[in-house]
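Notes for the one structure printed next.
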Amino acid sequence: MDRKEFLTSFGVGAAAAVCTYCLGGCQPTDSGITGPTNVNFTLDLTASANSTLNSVGGYVYHNGVIVANTTKGFVALSSTCTHQGATVYYDSGTDSFFCPAHGSRYDTSGAVLNGPATNPLTKYKTSLNGNLLKVTS
């Protein structure tokens, strides 16, 4: 084998290895991420930090939970995508939760609408008493 053949063979092999690594970067399986447990906190809706919750479409993050004022009322879900751990946000235009890292989308119950995530977000209970929104496991 001459030098040109060797370099051509080596280049094709190296390119194949790199492509395999890159294309395998976004796996369709979840990484085993689950939401926080023993969740128990109250948000004062009169506090400036929570003021976005006073309008449909607003959301806040608190202790690993995203709390959103959706078209169906207040919803609290784990804020961490089950696919690879990126932070999800509430998309009021589609009334769903979206992961910007790989495009997973979840409905307001936490169920997967489209992947690559396959496991739902953990959902938490919400109850409103005056201006106080309680979120619990």
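Nothing here was measured: the structure is a model prediction, and the numbers come from that model.
- Side chain of Thr82 to backbone of Leu121: no donor-acceptor contact under 3.5 angstrom is found.
- Under a hydrophobic-cluster definition in which Ile, Leu, Val, Met, Phe, Trp and Tyr are linked whenever side-chain heavy atoms come within less than 4.5 Å, directly or via other members, Ile66 and Val112 are assigned to the same cluster.
- Pro36 approaches Val65 most closely through the heavy-atom pair CG-CG2, 4.2 Å.
- Minimum interatomic distance between Tyr106 and His83 (heavy atoms only, all atoms of both residues): OH-N, 4.3 Å.
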Could you give me the CA-CA distance, side-chain angles and deciding distance for Asn54 and Asn69, then say whether side-chain contact (heavy atoms from CB on, under 4.5 Å) is met? CA-CA 7 Å; Asn54 292 312; Asn69 187 345; over 6 Å; no
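- Here the closest non-hydrogen pair linking Tyr124 and Leu77 is CE1-C, 3.8 Å.
- Once rounded to the nearest 0.5 Å, the distance linking SG of Cys99 with CG of Asp91 reads 13.0 Å.
- Contact record, Gly115 with Ser104: C-OG, 3.5 Å, taken as the closest heavy-atom pair.
- Taking hydrophobic clusters as Ile, Leu, Val, Met, Phe, Trp and Tyr residues chained together by side-chain heavy-atom distances below 4.5 Å, Val60 does not share a cluster with Tyr89.
- Taking 4.5 Å as the limit, every side-chain heavy atom of Asn50 sits out of range of all side-chain heavy atoms of His62.
- In this structure, Thr108 and Lys123 approach most closely via the heavy-atom pair O-NZ, 3.9 Å.
- Checking side-chain atoms of Ser92 against main-chain N and O of Asp95 turns up no donor-acceptor pair under 3.5 Å.
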Please report, to 0.1 Å, the donor-acceptor pairs under 3.5 Å made by any side chain of residues 127-137, with sequence neighbours excluded.
{"from": "Lys134", "atom 1": "NZ", "to": "Asn40", "atom 2": "OD1", "distance (Å)": "2.8"}
{"from": "Ser137", "atom 1": "OG", "to": "Asn38", "atom 2": "N", "distance (Å)": "3.2"}
{"from": "Ser137", "atom 1": "OG", "to": "Val39", "atom 2": "N", "distance (Å)": "2.6"}

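- The aromatic rings of Tyr90 and Phe97 sit tilted, their planes meeting at an angle between 30° and 60°.
- Hydrophobic clustering (ILVMFWY, side-chain heavy atoms < 4.5 Å, transitive): Phe41 and Leu53 are in one cluster.
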Self-check item: From CA spacing to verdict: side chain to side chain donor-acceptor pair (under 3.5 Å), Thr87, Tyr61
Solution: CA-CA 10 Å; Thr87 301; Tyr61 297 100; over 6 Å; no
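- Annotation: side chain of Thr126 is not in contact with side chain of Val75 (no heavy-atom distance under 4.5 Å).
- Summarising the geometry, atom CD1 belonging to Ile33 is positioned 10.0 Å from atom CG belonging to Asn119; distances are rounded to the nearest 0.5 Å.
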